[in-house]
Amino acid sequence: MKPFVGVKILDFTRVLAGPYASYQLALLGADVIKVEARDGDEMRFGSRANDWEKRGLAAPWVAVNAGKRSITLDLKKPKAIEIIKRLAAKADVVMENFRPGVMNKLGIGYEALKPVNPRLIYCAVSGFGQVGPAAKTAAFDGMIQAMSGLMSITGFPANGPTRVGFAGADVMSGATAAFGVASALYQRTHTGKGQLVDVAMIDAVMAYLAQQFTEHMMTGRVHEQAANLSVTRKPTGDLFKTRDGWIVLAVMTDPQFQRLMKTLGREDALTDPRFVDWPTRIQNNKVLHEIVEEALKKDTSATWAERFARADVPAGRVLTIPETAQLDLFRHRTVLQDVDTEHGPIRMVGSGFRLEHGGGSVDRPPARLGQHTDEVLGEAGYTAAEIAEIRGAEVV
């Protein structure tokens, strides 16, 4: 059995940070009811006008919303608020990532729902948290990457601060929110009480930069951009050219360094006084990089990867996303999963970890907009006649 079977989540989240969080819990068995506006989450329809987007199943939306049930509600109508309160009375978790105060104005914020269900866990994801001078400030991924310090340590000094190559602040915040909800659910088994889980995106990203912030606060060091160099600043933890592409070495110990030089056919470097230890190697970083790269350019990335694997030298070819998706190792893992839909099968990403018992999987295809509205309302106790009346009033 999956860890969160029996947990019911009302999911008001939109775009990426919040949906990523609730998706992680859906993979692990939670019944996630995605509450959408009548015209749908803006991510559903994308901007590329392909067949999937025309169906309201844009790939970026599917990537973090498959496995959820979809209902539509016009939250500006009193009847919709009545429905939410009835659903919340039987829910375990509410999740939202509106700007702080929006849910309160609608009458379905934490303080409004807590009396309805004292065991309710309410997770709010926002840029700067529910309290503080910046609480009402709207926030987006790039803004948080900039303000959290993440961009200041990413990229090449000559090019200026650089965003990471994905919506890193959103995803880090989503992972943090999922962990926060899981923690609150576990704590509730001891206390019987629900609570507010307040996730600030800037807090979440800073938590991932714990080493950089702690070192600065302890020693005053300011981490700088280091291009593709390892955070250890060891010169053999870097990106190197090969004959046909690129490879990253992660050579961090003396035994690894010795094996690297022998594999490259440069045993002479092991007795070179410029490279006798890590301080001298760092001091002579440029010339050492040139020696290593000169050898690597003599053959292909794939050939070197095979040699390094045999010699136990940590290294990885730089692959494109299509190349990574085709790696043979995924036949033995569960992170890539095939999901059947009414439009044909799709392959998507599941949990980033395996459990021996009841691990993550996508058990429902991505939902059409409002596909489960009648089903969910029926579970909440509304009769067929009442549902028809609700539809007639354009509440759903």
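In what follows, residues are counted from 1 in the order of the sequence shown.
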>> For residues Leu329 and Ile321: do they belong to one hydrophobic cluster (side chain heavy atoms under 4.5 Å, members Ile, Leu, Val, Met, Phe, Trp, Tyr)?
In response: no
> What's in the same ILVMFWY side-chain cluster as Trp304, cut-off under 4.5 Å, chained through other members?
Replying inline: Phe240, Ile247, Leu249, Val251, Phe257, Leu260, Met261, Leu264, Leu270, Phe275, Trp278, Val287, Leu288, Ile291, Val292, Leu296, Phe308, Val313
> Same hydrophobic cluster for Val376 and Met95, using side-chain heavy-atom links shorter than 4.5 Å among ILVMFWY?
Replying inline: no
> Leu106 and Leu87: same hydrophobic cluster, using ILVMFWY side-chain contacts below 4.5 Å?
Replying inline: yes
> Between Glu323 and Arg317, does at least one N-O distance fall below 4.0 Å, as a salt bridge requires?
Replying inline: no
> By side chain to side chain contact (heavy atoms under 4.5 Å, CB included), which residues pair with Thr300, not counting sequence neighbours?
Replying inline: Arg243, Asp244, Ala302, Thr303
> Is there a chain of hydrophobic side chains (I, L, V, M, F, W, Y, each step under 4.5 Å between heavy atoms) that links Val15 to Leu369?
Replying inline: no
> In terms of side-chain geometry, is the basic nitrogen of Arg266 or Asp268 positioned less than 4.0 Å from the acidic oxygen of its partner?
Replying inline: yes
>> Going by the rule side chain to side chain contact (heavy atoms under 4.5 Å, CB included), which residues pair with Phe156 if we only count those two or more places apart in sequence or in a different chain?
In response: Asn159, Ala227, Asn228
> Of all residues at least two apart in sequence or in a different chain, which pass the ring pair (Phe, Tyr, Trp, His ring centres under 6.0 Å) check with Tyr20?
Replying inline: none
> By side chain to side chain contact (heavy atoms under 4.5 Å, CB included), which residues pair with Arg310, not counting sequence neighbours?
Replying inline: Glu306, Arg307
> How would you list, by chain and number, every residue that makes a side chain to side chain contact (heavy atoms under 4.5 Å, CB included) with Ala146, sequence neighbours excluded?
Replying inline: Met151
